[in-house]
Amino acid sequence: MNIIRYDPFGSFFDDDTFERNLFSLHNNALSTFPKTGDGKKSWKPLGLQIQEDEKSYSFSVDVPGVKAEDMKMELVDNNQALHLSGGRKFKNGDTVEETKFERRFTIGSDVDVEKINADLSDGVLTITAPKKEQQKPSSRLIAINEQASSE
């Protein structure tokens with residue numbers, strides 16, 4: 001059995017091929033947008049932060065370069081999910097390419113769907129889904145009426 005030494009960085013960082021490999025990786029990353037059903041390129045916002053406290057859920061989505069009028073958000077699945085969709089324009093030389101994106105967030109039955117709001121600031125879309133107010137357990141006295149017996 002022969003032992004072969006493996007250097008994981010050897011061929012990538014060689015002086016003559018490093019620059020060529022680096023540009024190859026860069027070009028491949030830019031040209032591999034998946035296509036949507038209508039043939040347009042798609043793009044998916046990658047940055048996502050989800051927080052929960054006693055009063056609400058908060059979703060922060062990175063959408064750099066996307067304007068509010070280029071996005072749409074709606075409640076779907078009997079008010080159990082939020083569907084965010086939109087488009088982003090990329091300038092490619094003299095042409096402008098548009099890509100589409102979609103994100104879906106499942107929300108619980110404890111969300112007050114009438115009070116969900118979204119704010120876009122500095123390329124971050126923050127969706128706030130307030131929780132329904134918990135009804136405090138209450139007790140009340142129920143009167144017991146006694147009926148006269150017919151004996």
Side-chain angles (χ1 to χ4, degrees), residues 6-14 17-147:
Y6 174 69
D7 182 2
F9 302 108
S11 63
F12 188 83
F13 289 107
D14 286 346
T17 59
F18 174 71
E19 190 172 310
R20 185 178 38 206
N21 287 335
L22 184 62
F23 285 119
S24 173
L25 288 172
H26 175 41
N27 290 336
N28 286 339
L30 291 178
S31 65
T32 56
F33 287 110
K35 304 270 185 192
T36 61
D38 59 1
K40 292 193 176 197
K41 292 180 179 178
S42 68
W43 169 75
K44 185 173 187 177
L46 297 177
L48 172 65
Q49 181 179 16
I50 301 172
Q51 296 179 326
E52 177 185 9
D53 60 30
E54 49 290 332
K55 293 183 180 182
S56 65
Y57 298 97
S58 179
F59 306 90
S60 295
V61 184
D62 290 342
V63 288
V66 181
K67 298 177 183 170
E69 61 264 14
D70 295 332
M71 291 186 279
K72 179 174 97 172
M73 188 170 56
E74 59 188 329
L75 279 165
V76 294
D77 295 340
N78 293 327
N79 295 339
Q80 294 298 306
L82 288 171
H83 181 253
L84 173 66
S85 61
R88 178 177 175 189
K89 294 181 173 114
F90 291 92
K91 198 167 194 176
N92 188 7
D94 293 336
T95 63
V96 176
E97 294 182 24
E98 184 175 358
T99 60
K100 302 283 184 186
F101 67 87
E102 293 184 325
R103 286 302 291 251
R104 184 181 182 94
F105 307 98
T106 302
I107 57 176
S109 58
D110 61 338
V111 170
D112 187 347
V113 296
E114 299 299 322
K115 294 182 180 176
I116 295 174
N117 66 38
D119 296 304
L120 179 63
S121 178
D122 296 329
V124 178
L125 178 67
T126 303
I127 304 161
T128 305
K131 294 180 180 179
K132 292 178 184 174
E133 289 186 31
Q134 296 286 333
Q135 291 188 1
K136 296 177 184 171
S138 62
S139 62
R140 69 179 181 106
L141 195 55
I142 301 172
I144 302 173
N145 300 319
E146 186 172 341
Q147 297 182 0

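What you are looking at is a predicted structure, and each value in this text was computed from that prediction instead of being measured.
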Spacing of CG belonging to Asp119 relative to OG belonging to Ser60, to within rounding of 0.5 Å: 10.0 Å

Ser56 and Pro130 have their tightest heavy-atom pair at CB-CA, 3.7 Å

Which heavy atom of Ala129 sits nearest a heavy atom of Val111, and at what distance? CB-CG1, 3.8 Å

Any donor-acceptor N/O pair, Asp53 side chain to Lys55 backbone, under 3.5 Å: yes

Give, for atom CZ of Arg103 and atom CE of Met71, the distance between the pair rounded to the nearest 0.5 Å. 13.0 Å

Say whether, by atom type as modelled, one donor and one acceptor occur between the side chain of Arg88 and the main chain of Asp70 under 3.5 angstrom. no

Between the main-chain N or O of Asn117 and the side-chain N or O of Thr128, is there a donor-acceptor pair closer than 3.5 Å? no

Can you name the side chain to side chain contact (heavy atoms under 4.5 Å, CB included) partners of Ser85, sequence neighbours left out? Lys72, His83, Glu102

Criterion side chain to side chain contact (heavy atoms under 4.5 Å, CB included) on Val61 and Phe101, from CA distance to verdict: CA-CA 12 Å; Val61 184; Phe101 67 87; over 6 Å; no

For Met73 and Ala118, work out which heavy atoms get closest and say how close. CE-CB, 3.5 Å

Is the shortest side-chain heavy-atom distance between Leu84 and Leu125 below 4.5 Å? yes

Could you give the distance from CG (Leu82) to CZ (Phe59), rounded to the nearest 0.5 Å? 6.5 Å

Hey, what do you get for NZ (Lys131) to CD1 (Ile107), rounding to the nearest 0.5 Å? 12.5 Å

With sequence neighbours excluded, what pairs up with Asn79 under the side chain to side chain contact (heavy atoms under 4.5 Å, CB included) test? Leu75, Val113

Which pair of heavy atoms, one from Ser58 and one from Thr126, lies closest together, and at what distance? OG-CG2, 3.8 Å

Could you list all the salt bridge (charged side-chain N to carboxylate O under 4.0 Å, His left out) pairs where at least one residue sits in residues 108-117, not counting sequence neighbours? Asp112-Lys115

Go through it in stages, so that I can follow the logic: the residues are Val76 and Glu74, the test is side chain to side chain contact (heavy atoms under 4.5 Å, CB included), and I'd like the CA-CA distance, side-chain angles, deciding distance and then a yes or no. CA-CA 6 Å; Val76 294; Glu74 59 188 329; 4.0 Å; yes

Exam field: side chain Lys89 to backbone Gly65, donor-acceptor pair closer than 3.5 Å: no

